[in-house]
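So the structure is just underneath, and the comments pick up after that.
Letters go in sequence order (proteins before strands), and every chain restarts at 1. All values derive from a computational prediction rather than experimental measurement.
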Amino acid sequence: MIDKKKLFDAYLFFHEGQLALAEIERAGIRIDIEKCLAVRQDLSDKISACEEEFKKTFLFQTWEKTFSDRTNILSNVQLEHVLFKVLKLKPIKATAKGRNATDEESLMQLGIADVNVLLRYRKLRKIRDTYLEGFIREQTDGVLHPFFNLHTVRTYRSSSDHPNFQNIPRRDTFARDITRKVIFPRKGHQLLEVDYSGLEVSIAACYHKDPEMLKYLKSGADLHSDLAKKIFNVPVIDKTIPVYKKLRDAAKNGFVFPQFYGDYYKNNVDRICDWIGLSPSREIKEWDDSAGIKFPSGLTIAQHLKKQGIKCPNDFEAHMARVERWFWKEKFKVYDEWKSKWVTSYQKQGYFQTLTGFICKGEMRKNEVVNYPIQGSAFHCLLWSLIQLVKIQKKEGWDSRIVGQIHDSMIVDVNPAELMHVAKVIKKVTCEDLPRVWQWIIVPLSVEMELCPVDSDWTCKKLWEIPET
DNA sequence: GGAACTCGCCAC
DNA sequence: AAACGTGGCGAGTTCC
């Protein structure tokens with residue numbers, strides 16, 4: 001049954017939420033426009049040089065022979081033709097519409113050095129044309145005012161545009177440095193970023209209430225390390241040793257998170273192999289002893305896996321099928337049962353209602369049915385916090401301002417004189433007030449804070465904690 | 001000549 | 001049996 005009270009609360013909540021987001025949009029975020037222009041020029045020079053380099057390759061020469069004056073190295077239709085018709089290479093995978101894919105992953109698997117130059121060219125173009133051009137175009141008086149929308153996303157998350165503030169590079173160090181080094185606080189201020197730690201996993205637990213997961217969330221034990229131990233059969237994961245950190249990251253990003261989104265073991269194999277430096281090709285009968293990352297002892301991951309009887313990707317796939325089965329049918333059995341029940345209920349009712357009161361209806365696939373409520377409700381935790389903080393900011397007359405939001409994190413432009421107070425209030429609102437008001441939150445919430453020095457750009461952020469007393 | 005689609009790629 | 005969730009955006013391509 002639809003809980004009408006909760007639904008009406010949700011309706012009012014989004015009105016309040018959009019007003020808070022409007023304040024964030026109005027505050028805006030400062031960029032260094034001179035720097036933007038200089039960086040854009042520098043990128044243009046690099047792009048020209050890269051293009052010249054590409055023109056020397058065999059790949060380009062074949063391309064130009066085929067398309068003559070119509071040659072356009074940004075055309076993937078042309079690239080597909082050159083690679084798979086002219087050069088008759090074996091396609092790696094298909095796109096959604098059945099063409100031969102020419103994305104980074106596929107190109108790398110072709111085993112042709114020439115594609116590296118093209119990929120570098122694409123990366124540079126992306127940084128310049130999507131990010132810097134966007135910043136320059138959208139700024140007024142050196143300030144960006146990205147929009148934050150609540151009416152565009154099926155899960156009741158937010159979106160952002162003009163420019164999109166929610167997809168500025170972070171993982172790739174080169175792209176990150178270029179794009180984030182133009183983003184600043186107002187003069188004499190500093191940027192503070194506050195992230196909810198593992199928010200989606202915590203909110204998922206409020207739905208399924210799996211005792212094993214609740215144990216992790218309440219004890220602070222490390223799920224990803226435990227999975228790394230299981231997948232690679234190692235006794236301990238010491239995150240300070242690079243190779244073990246890699247194994248943990250492989251377990252986290254190659255298995256745990258994809259599984260939570262509804263992925264399955266066959267894809268997990270490819271992702272994990274990528275992380276640990278092994279080929280995932282099922283044609284390989286046995287990995288070379290020298291393959292993959294190395295333990296401090298000098299043993300390679302290939303040698304280590306072979307000792308477990310896993311000597312090739314096919315063996316690893318069989319192993320991961322067992323791990324997956326254990327993961328859902330034993331370890332997180334209650335979570336798995338919740339997913340089935342949630343889907344069955346949706347199929348019977350034709351809709352479901354989130355813990356935050358929102359209704360999702362219409363045709364949905366299984367994975368969507370179990371993912372939407374989690375994704376939406378997690379974001380609503382942030383949105384609730386933003387509403388309170390904007391109110392407090394106004395009431396107390398802060399000079400500090402929230403200037404951005406990325407699903408489970410907020411970016412604050414802080415007056416240094418207010419830093420301690422602002423940080424304490426944020427911590428109280430996000431971790432104490434919220435779970436008190438939303439009683440369905442049955443797990444502890446925590447935030448991680450990162451702070452930049454005064455007048456420093458966004459890349460200067462360092463892990464930071466509120467000092468005692 | 002512009003709308004709509006497709007692909008690739010960035011974020012969570 | 002089925003098989004990764006949500007967006008925005010640039011550039012190329014297709015369609016009218």
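- A donor-acceptor contact under 3.5 angstrom links the side-chain atoms of Gln375(A) to the base of dG5(C).
- Here the nucleotide nearest the side chain of Ser159(A), chosen from dG5(C), dG10(C), dG7(C), is dG7(C).
- In this model, the phosphate group of dG7(C) is not approached by any side-chain N or O of Ser158(A) to a distance below 4.0 Å at OP1 or OP2.
- Using a 4.0 Å heavy-atom criterion, one finds that Glu104(A) contacts the sugar-phosphate atoms exclusively.
- Between Arg122(A) and dC9(B) there is a side-chain N or O to OP1 or OP2 distance below 4.0 Å.
- Comparing atom distances between the Asp408(A) side chain and each of dC12(B), dT13(C), dG8(B) picks out dC12(B) as nearest.
- Residues Phe165(A) and His145(A) place their aromatic rings such that the two centres sit no closer than 6.0 Å.
- The phosphate of dG12(C) has OP1 or OP2 within less than 4.0 Å of a side-chain N or O from Asn72(A).
- Phosphate contact (OP1/OP2 of dC7(B), side-chain N/O of Thr95(A), threshold under 4.0 Å): present.
- The side chain of Tyr264(A) approaches dA3(C) more closely than any other nucleotide in the set dC4(C), dC9(B), dA3(C).
- You'll find that the side chain of Pro169(A) is closest to dC10(B), out of dG7(C), dG8(B), dC10(B).
- The six-membered or imidazole ring of Phe352(A) lies near that of Trp342(A), with a centre-to-centre distance under 6.0 Å.
- The residue Arg170(A) sits close only to the backbone: its heavy atoms come under 4.0 Å of sugar-phosphate atoms, none of a base.
- The side chain of Ala101(A) lies closest to dG8(B) when the candidates are dG8(B), dC12(B), dG7(C).
- For Phe332(A) and Phe327(A), the ring centers sit closer than 6.0 Å to each other.
- In the set dG8(C), dA11(C), dC12(B), dC12(B) carries the atom at the smallest distance from any side-chain atom of Arg157(A).
- Aromatic ring orientation, Phe14(A) versus His380(A): perpendicular (interplanar angle above 60°, classes split at 30° and 60°).
- Within the 4.0 angstrom heavy-atom criterion, no nucleotide atom of any strand lies near Arg365(A).
- By the 6.0 Å and 45° rule, Lys333(A) does not stack over the aromatic ring of Trp328(A).
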